Amino acid sequence: MSMLKIGDKTFQSRLLLGTGKYPSFEIQKEAVRVSEAEILTFAVRRMNVFEPSQPNFLEMLDLSKYTLLPNTAGAKTAEEAVRTAKLAKASGLCDMVKVEIIGCDRSLLPDPVETLKASEMLLEEGFTVLTYTSDDVVLARRLEELGVHAVMPGASPIGSGKGILNPLNLKFIIEQSKVPVIIDAGIGSPKDAAYAMELGADAVLLNTAVSSAKDPVKMAEAMKLAIEAGRLGFEAGRIDERDYAVASSPTEGLLPT
Ligand SMILES: CC(=O)[C@@H](O)[C@H](O)COP(=O)(O)O
């Protein structure tokens, strides 16, 4: 299977894992292990990164094995997002950042205007920028034109588990993009993850589907396998769909009955 390239980094795994809402750090650690994810995202403002007295999941990991992807969750404006990203960089975490600026408290959908602005500001500051966006095709193109290193359109609202609501928009975004497209948010089950990959996505970022599953460790493995299967299927090239049947066995040269 081909590798995933984001900015100047390459990855074997096409699963990016969020780090919130696990029942315990032990279960989370095991889920991360079996998922074989190499990129872990976490909300800078929720991780006790700057509070040494508080428990911090990152302390439990061998960080040399992972690329950390700090995200700006909690920011409502471009300026707040930039401040958060700079804080993460100053602490030596990573110069990659996931721009996440929520514009609606109920749907948790991103604010397109602030998202575009923050992405531009962070690119100017030299960050490797991965931007969480809605499945808006034109906005995804504008982000790519700015120079972001990956676009991350949502499948459906964060934590909803509704899966892919608009496959056509995702297909358009994938077709037009020269940077990686990472389907982010709303994945509910392995079938959604496989579908995203079969559409041609470069990777999937998910959190709730694993962390809140009855058995997060099993689900982490299921997601890993689904993403691998979906990618392989995409690379193999699926058959065309047709309305009428075509016999699977040859119809010529049959023995007389
Ligand atoms: C962890 C993270 O970055 C989330 O904001 C992300 O969008 C995942 O969404 P789900 O929890 O729906 O997978």
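No experiment lies behind these values; they were computed from the predicted model shown. Counting convention: from 1, in listed order, for ligands and their atoms alike.
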Q | Spacing of Tyr132 atom OH and Leu109 atom CG [to the nearest 0.5 Å] | A | 5.5 Å

Q | Atom pair CG (Leu205) and CG (Leu69), whose distance is rounded to the nearest 0.5 Å | A | 7.0 Å

So if I count the atoms of ligand 1 from 1 in the order they appear, which ones are less than 4.0 Å from some heavy atom of [X]?
| X | value |
| --- | --- |
| Glu100 | 3 (O), 5 (O) |
| Gly186 | 10 (P), 12 (O) |
| Leu206 | 13 (O) |
| Gly159 | 10 (P), 11 (O), 12 (O) |
| Asn71 | 3 (O) |
| Ile158 | 5 (O), 7 (O), 9 (O), 12 (O) |

Q) What part of Thr208, side chain, backbone, both or neither, has a heavy atom within less than 4.0 angstrom of ligand 1? A) both

Q | ligand 1 contact on Thr19 by region, counting heavy-atom pairs under 4.0 Å | A | neither

**Q.** Pick from Asn207, Ile102, Val204: the one approaching atom 13 (O) of ligand 1 most closely through a non-hydrogen atom
**A.** Asn207

(Q) Among all protein heavy atoms in this structure, tell me which lies nearest to atom 9 (O) of ligand 1, with the distance rounded to 0.1 Å. (A) Ala185 CA, 3.4 Å

Q: Measure the distances from the heavy atoms of Lys98 to every atom of ligand 1 and state whether one is below 4.0 angstrom.
A: yes

Q. Can Gly20 be said to touch ligand 1, with heavy atoms closer than 4.0 Å?
A. no

Q: With Arg14 as reference, evaluate Lys224, Glu228, Glu38, Met197 under the side-chain contact (heavy atoms from CB on, under 4.5 Å) test and give the passing residue.
A: Met197

(Q) Just to verify, which of Ile183, Asp184, Leu17, Asp192 counts as forming a side-chain contact (heavy atoms from CB on, under 4.5 Å) with Leu206? (A) Leu17

Q.
Restricting to non-hydrogen atoms, name the atom on Leu40 and the atom on Thr19 that form the minimum distance, rounded to 0.1 Å.
A. CB-CG2, 4.2 Å

Q: Identify the two heavy atoms, one from Gly74 and one from Glu80, that lie closest to each other, and give their separation to 0.1 Å.
A: O-OE1, 3.8 Å

Q: Kindly indicate whether a cation-pi arrangement holds for Lys89 with Phe127, taking the cut-offs as under 6.0 Å to the six-membered ring centre and within 45° of the axis.
A: yes

Q.
Does any N or O of ligand 1 fall below 3.5 Å from an N or O anywhere on Asp184, backbone included?
A. yes

Q) When only distance counts, is Tyr132 in polar contact with ligand 1, meaning an N/O pair under 3.5 Å? A) no

Q: With side chain to side chain donor-acceptor pair (under 3.5 Å) as the test, would you mind laying out the steps for Ser2 and Arg231 before giving the verdict?
A: CA-CA 9 Å; Ser2 62; Arg231 180 65 192 184; 3.3 Å; yes

Q.
Between Glu145 and Lys178, is the salt bridge (Lys or Arg N to Asp or Glu O under 4.0 Å) condition met? List the steps.
A. CA-CA 10 Å; Glu145 284 166 1; Lys178 291 183 190 65; over 6 Å; no

